[in-house]
Structures are given as structure tokens and as C-alpha cells.
Amino acid sequence: MTPTAPKPPFYITTAISYPNGVPHIGHAYEFIATDAMARFKRLDGHDVFFLTGTDEHGQKMLHTAQKEGITPLALAKRNSDFFQATQDKLGISYDRFIRTTEADHYAAAQAIWKRMEEAGDIYLDKYEGWYSVRDEAYYGEDETVVREDGKRYSIETDTEVTWTEEESYFFRLSAYQDKLLKLYEDQPDFAAPRTRFNEVISFVKGGLADLSISRTTFDWGVPVPGSPKHVMYVWVDALTNYLTGVGFPDTGTDSYRKWWPADVHVIGKDISRFHAVYWPAFLMSAGLPLPKRVMIHGHLYNQGVKMSKSLGNVIAPADWVQQYGLDQMRFFLLREVPFGADGSYSHEAIVGRMNADLANNLGNLAQRSLSMVAKNCAGQVPQPATLAPEDHELLARTERLLEKSRAAYEVQDFHGSLEAIWSVLGDTNAYFADQAPWVLRKTDVERMNTVLYVTLEVLRIVSILVQPVMPTSASRLLEVLGQPEGEARDFAAIGTALVPGTVLPAPQPIFPKYEEPAAD
RNA sequence: GGGGCGGUAGCUCAGCCGGUCAGAGCAGAGGACUCAUAAUCCUUUGGUCGUGGGUUCAAGCCCCACCCGCCCUACCA
């Protein structure tokens with residue numbers, strides 16, 4: 001093996017979830033996409049740190065806990081554990097599951113606060129307006145209306161509001177407009193996809209008001225340093241988790257120096273502003289390096305309809321795992337929806353992918369070729385003869401998939417990578433039918449061996465490339481292809497062809513077809 | 001109100017700076033084959049590329065207006 005230059009470390013995060021409920025398919029989507037990215041980079045030889053977790057403070061958590069008669073910490077622990085268990089069930093390969101109630105996070109949040117304060121960007125003022133307790137939000141005069149009962153209501157949410165004045169610390173976000181716009185200009189890939197990024201930019205261009213960043217109306221949060229009656233309001237607390245996760249505030253540690261700044265923050269479109277505006281502003285103020293990219297994914301709809309509790313169409317990730325299988329579910333989510341766009345799912349769409357793409361195109365190709373090898377080649381990788389032009393061509397196309405996938409994953413285009421891979425699988429099925437090794441068996445065994453060998457090679461490379469998306473199934477495929485765990489399954493091994501004579505285990509179907517339960 | 005995105009075969013969508021751009025996959029139809037998870041392969045179905053104008057030798061691809069869907073934004077009760 002020739003020594004290669006070490007590849008740069010890769011630090012990736014999901015948004016941390018608010019565990020005031022249970023995870024749904026949208027959470028799973030983000031976890032799975034981020035996980036695929038992390039696995040891809042590991043297989044490509046990078047050191048990866050993958051952070052995920054839960055954001056546990058705030059009034060809603062407090063209320064829910066009170067309602068249940070438990071402490072907010074107990075609630076947070078219970079629900080956070082459930083989120084973590086769900087991630088484990090989804091095969092998420094996180095390196096740390098962070099909880100904002102952990103001691104090191106308090107230290108980190110207070111440290112970044114102090115840095116921003118020292119930079120002169122935090123000041124004390126009053127926050128006033130029409131406050132809705134239920135919405136935990138302030139509304140402008142124009143966003144409210146006085147009803148017949150003489151009370152004032154929020155127009156948008158139809159909840160009662162009261163005039164409230166609250167002492168609050170503010171962050172001087174207004175001072176960062178130009179710096180942010182320069183950042184966006186200098187780093188056109190700072191946020192993606194472009195349409196989402198444009199929304200962010202136009203928001204910043206429209207002018208930035210200073211941001212209220214503390215609360216005194218409740219105490220379930222990180223105390224503001226030197227001002228204990230204030231707790232930090234959501235964003236300073238939550239966003240800082242990305243720093244806490246790798247060792248901040250101790251900026252001298254190996255961990256911090258190795259991982260920060262993050263390479264990619266994967267988030268949903270609902271929180272793009274916080275990640276693409278507030279977060280870089282906070283970091284600039286604190287004098288810390290900025291993350292390289294904020295990847296904004298879309299939302300998933302149930303047959304085009306938004307998920308909601310009232311409609312009863314919220315899907316629990318575990319239900320899908322049970323019904324379709326984990327890898328099938330992971331594949332569907334990443335193959336069906338271009339990452340960044342909104343997507344839609346339906347039972348029919350999932351079954352279509354499961355059966356057409358997985359069971360038929362990939363699973364059956366493996367089964368038919370491996371069965372022939374088992375029966376006609378003594379269960380060993382056959383010895384190919386001189387390769388024909390069509391063999392070379394197919395293999396070349398397959399080998400190109402590595403570069404294509406790298407380019408796709410670089411911009412979190414999972415869908416693009418999978419599309420390219422399945423296109424080659426289509427070519428391979430056509431090749432197999434065209435070469436007809438079952439005919440060659442009687443006419444030209446040497447050629448049959450070659451065709452089977454080439455087909456196995458395609459399967460080997462495809463299996464390696466598909467590991468980030470379907471870790472378990474890909475592993476089983478590689479097993480039946482005689483590829484032991486470890487180096488042979490890294491991307492670096494893609495150029496190392498199968499060794500003729502390698503003994504292969506008896507083939508067995510890996511991607512079951514979905515059968516509708518008998519209805520009546 | 002301002003800004004943006006999308007409206008292409010039944011379904012999901014490709015179509016970059018205008019000139020094989022009328023395409024792919026899935027579904028449907030016909031045929032072939034039998035190695036395989038009744039899988040696979042081949043052929044195939046003709047959709048006025050949202051509507052109406054305009055620019056051009058030439059327009060899904062440019063311009064204008066309009067319709068529909070979605071999103072961002074705004075101190076218009």
C-alpha cells in the first residue's frame with residue numbers, strides 16, 4: 001500500500017431536537033441523512049466527529065413537566081433517552097449525543113456569552129409587547145386584535161395576549177448586517193440549497209433588529225453569568241451545543257483544535273435563520289471561527305399533506321423500521337427526495353423503491369449471479385479470461401461512481417449518488433441478459449466465468465458505495481461477496497479487484513420484496 | 001404590498017448560457033428469455049412542455065400579462 005496524505009477531519013452535526021414530544025419521521029430524516037454523510041466520510045478515510053442530541057431548556061419543557069408533576073430535568077431525561085434510543089434504532093453512528101443540561105454545556109454557553117459581552121455586543125434593556133403565554137411569543141400591536149369580549153388576541157394564533165414588559169439582555173445583531181452580507185458573498189456555499197440561502201440573504205438585507213437573548217419569566221435554562229435571575233433564551237443556549245460537543249470553552253484542547261469549525265450543520269428549513277444569521281453573528285462576536293456550511297433540508301409530507309397530530313398522520317420512525325425494514329427506509333428517504341427540497345412519502349412510493357430498486361435491480365442481480373457462481377464455479381470467485389470491450393466499459397462506468405459519489409456527497413446530494421449507482425445497476429442487468437452466462441455455461445465456460453466475474457466486481461463496488469445509506473444490507477452483500485470487514489470495505493479498496501478463487505458463502509436473498517398483508 | 005420558487009407523458013421528475021429539447025425512471029401494453037426474489041432484457045404508449053401575447057431565422061428554455069400551488073418578507077385595520 002502506498003502511503004497517502006491524511007485526509008482532513010470532518011465534523012458534522014444535526015440540529016439538536018426539542019424533546020417535548022416524541023421523534024417523528026422528520027427527525028429521522030435528518031438523522032439518517034447526516035448519518036449517511038458521516039459514514040461516507042469515514043469510509044473515504046476521514047476522521048469524523050458526528051454530534052447530535054437534545055435541546056432541553058425552555059418554558060415548554062417546564063410547563064409539560066409541571067403538568068406531569070415531575071421535574072423538568074426528569075422530563076428532559078426521559079424524553080431525551082427516547083430520542084437517543086430512536087437514533088440507535090435507526091443505526092445513527094453519532095460520536096456524542098449531547099444534552100444541553102450537561103455541565104460542560106452550561107460552561108460553554110456561559111463562556112460564549114461572556115465573550116460576546118466582552119465584545120460589547122450584549123446590553124440590558126426592556127423587552128415589551130403583547131405577550132401570549134401559550135405561544136411564548138411577543139406580538140406587535142398590528143398582529144393583535146381586540147375582540148368583543150374586550151380582550152386582545154393574537155390574530156395569527158388566536159391566543160390571548162397581555163402587555164408585558166420584561167427586562168432582557170439583547171445581542172447587538174444590528175451591528176452584524178454588513179459582516180454577514182460579506183460572509184454570504186465571500187462564501188456562496190455557506191448555506192445551501194441556494195433558494196433557501198437567498199431567503200436568508202434577503203432577510204438580512206432587509207435589516208436586522210437586536211435580539212432578545214434572555215428571559216426572567218422562568219428559570220429552566222442556563223443562568224446568565226453575573227445575572228442569575230436571567231436565563232439564556234433558546235438560541236445562545238441551543239446553538240452553542242455545536243461548540244460544547246468538541247470541547248469548548250477550552251479552545252486549547254486537541255479535540256477543539258481538531259474539530260472546530262464544523263464542516264456541516266445539517267438542519268431543517270424551519271431553523272435556517274438561526275443557523276445562517278444568528279449563529280455566525282454570535283461566533284463573529286465571540287471571535288470564533290465560523291462553520292463552513294449550513295445544509296438546509298426540506299420537510300417531509302405525508303402524500304403531500306403536512307404531518308400533524310390533529311390529522312393523525314404523524315409517523316413514528318420505529319413503525320417504518322418495523323414495516324419496511326431499516327435499510328429500506330433509509331434508502332427510500334435518501335433516494336426518493338433530492339436533499340434540500342421538500343419531499344413526499346406514501347406507502348406506494350416506499351414499496352415501489354423497495355421492490356423495484358432494492359429487491360429487483362440490486363437484490364436479484366446479486367442473487368442470480370451468485371447462484372450461478374455457487375452452482376457453476378464451485379462457489380469460488382471465478383477466474384476471468386481476457387476482458388472484452390463491454391467488460392471494460394461496464395467496469396469503467398462502475399469505477400467512476402466513486403468520484404461521482406464524492407462530488408455528490410460534497411454537497412449532500414445523496415439522491416444524485418444513488419441515482420448514478422442505480423443507473424449502473426441497470427446497465428449491469430442489461431449486460432447480464434445480453435451476455436447470457438446461462439447460455440455460455442454450455443458453449444464457452446471461460447467467457448461465462450468472465451461475465452460472472454465482472455458482474456461480481458460491479459456488485460462489490462456498488463456494495464461498498466452503498467454502505468453509508470444501507471449499512472446492514474451492504475455489509476451482508478459484502479459478506480456473500482467474500483469481502484471481510486475492515487479495509488476491504490473502505491473506499492480505498494474499490495480499486496482492489498476480487499481475487500479469483502476466493503471461497504464464497506452460499507448466496508441468500510438480502511432485499512426481501514414487500515408483500516402486502518393479505519387483505520379481506 | 002415586496003421578493004422568490006414551481007406548474008413538462010397516468011405518477012415522480014431531467015432538460016446548463018435559446019437551434020436532435022420533446023426526455024428518464026416508475027406504472028401500463030406487447031414480445032423474449034429462464035441464471036435469478038414471477039425477477040431480468042427488448043420494444044412500446046405520442047404529453048399543444050399552466051394560459052394568452054411578444055422578441056427571434058429559431059423558445060419549455062428570453063420578455064410581458066394572467067391563472068394555479070408553495071415559500072420568504074413587510075410598523076397596509
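Here is how names work: the chains are called A, B, and so on, in the same order as the sequence lines, proteins then strands, and each is numbered from 1. Only this structure's heavy atoms are used, side chains among them; waters, hydrogens and symmetry mates stay out. Quick caveat, the model's predicted, so the values are computed rather than measured.
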For A/Pro468 versus A/Arg330, what's the shortest heavy-atom pair and its separation?
O-NH2, 2.9 Å

What integer number of Å spans the C1' atoms of B/G30 and B/G23?
22 Å

So which protein N/O to nucleotides 1-12 of chain B N/O distances come out below 3.5 Å?
none

Sorted by chain and number, sequence neighbours left out, side chain to side chain contact (heavy atoms under 4.5 Å, CB included) with A/Ala430 holds for none

Here the gap from A/Leu181 atom CG to A/Leu183 atom CG, rounded to the nearest 0.5 Å, amounts to 9.0 Å

Given that both distances must come in under 3.5 Å, which nucleotide forms a Watson-Crick or G-U wobble pair with B/A9?
none

Please report the distance, rounded to the nearest Å, between CD1 in A/Ile271 and P in B/C71.
18 Å

Take nucleotides 34-40 of chain B nucleotide by nucleotide from the 5' end and write B, S or -, depending on whether a protein heavy atom sits under 4.0 Å from the base, only from the sugar-phosphate, or from neither.
SBBB-SS

Where do A/Thr34 and A/Glu30 come nearest, in terms of heavy atoms and distance?
OG1-O, 2.7 Å

Any strand is fair game: report the nucleotide pairing with B/C70 by Watson-Crick or G-U wobble, both distances under 3.5 Å, or none.
B/G4

For the pair made of CZ in A/Phe332 and P in B/G25, what is the distance, rounded to whole Å?
20 Å

Any cation-pi pair here, A/Arg215 with A/Tyr233, using under 6.0 Å and within 45°?
yes

What is the pairing partner of B/A29, taking Watson-Crick or G-U wobble pairs with both distances under 3.5 Å in any strand?
B/U43

For the C1' atoms, the ones on B/C61 and on B/A14, what distance do you get once it is rounded to whole angstrom?
13 Å

Ring pair (Phe, Tyr, Trp, His ring centres under 6.0 Å) with A/Phe171: of A/Tyr123, A/Trp235, A/Tyr176, only one passes, and it is A/Tyr176

Across every strand shown, the nucleotide meeting Watson-Crick or G-U wobble geometry with B/A77 (both distances under 3.5 Å) is none

State the pairing partner of B/C61; accept Watson-Crick or G-U wobble contacts with both distances under 3.5 Å, and report none otherwise.
none

In whole angstroms, how far is the P atom of B/C71 from the CZ atom of A/Phe203?
18 Å

Side-chain donor-acceptor pairs under 3.5 Å in residues 416-427 of chain A, sequence neighbours left out?
unit_1	atom_1	unit_2	atom_2	d
A/Ser417	OG	A/Ser405	OG	2.9
A/Trp422	NE1	A/Asp357	O	2.9
A/Asp427	OD2	A/Arg397	NH1	2.6

Whole-angstrom distance between B/C70 and B/C75, as gauged at atom P:
24 Å

Value in whole Å for how far the P atom of B/C26 lies from CD1 of A/Ile350:
19 Å

For atom C1', what is the distance between B/C63 and B/A27, given to the nearest Å?
39 Å

Taking atom P in both B/G10 and B/G18, compute the distance separating them and give it to the nearest angstrom.
29 Å

Taking syn as a glycosidic torsion within 90° of 0 and anything else as anti, which one is B/G6?
anti

Tell me the interatomic distance from A/Ile296, atom CD1, to B/C71, atom P, rounded to whole angstroms.
16 Å

Salt-bridge contact A/Glu336-A/Arg353 (side-chain N to carboxylate O under 4.0 Å)
yes

Can you tell me, in whole Å, how much space there is between the P of B/G53 and that of B/C17?
26 Å

Are there more than 12 heavy atoms of other residues, nucleotides or ligands under 6.0 Å from atom CD of A/Gln322?
no

Given the C1' atoms of B/C11 and B/G28, what is the spacing between them in whole Å?
12 Å

Please confirm whether the backbone N or O of A/His230 pairs with a side-chain atom of A/Ser214, one donor and one acceptor, at under 3.5 Å?
no

Report, as yes or no, whether the 6.0 Å neighbourhood of atom CD on A/Glu485 holds more than 12 heavy atoms from other residues, nucleotides or ligands.
no

Once you apply the 3.5 Å cut-off to both distances, tell me the Watson-Crick or G-U wobble partner of B/C21, or none.
none

Whole angstrom is fine here: how far is it from NZ in A/Lys205 over to P in B/C72?
19 Å

Pairs satisfying ring-ring contact (aromatic ring centres under 6.0 Å, His included), at least one member in residues 186-206 of chain A, at least two apart
A/Tyr184-A/Phe197

Can you list, in residue-number order, the parts of residues 399-423 of chain A that come under 4.0 Å of RNA chain B, counting heavy atoms only?
none

Just do the salt bridge (charged side-chain N to carboxylate O under 4.0 Å, His left out) check on A/Glu403 and A/Arg406 with the steps written out, would you?
CA-CA 5 Å; A/Glu403 278 318 312; A/Arg406 276 191 180 129; 2.5 Å; yes

When you compare B/G50 with B/G15, how far apart are their P atoms, in angstrom units rounded to a whole number?
15 Å

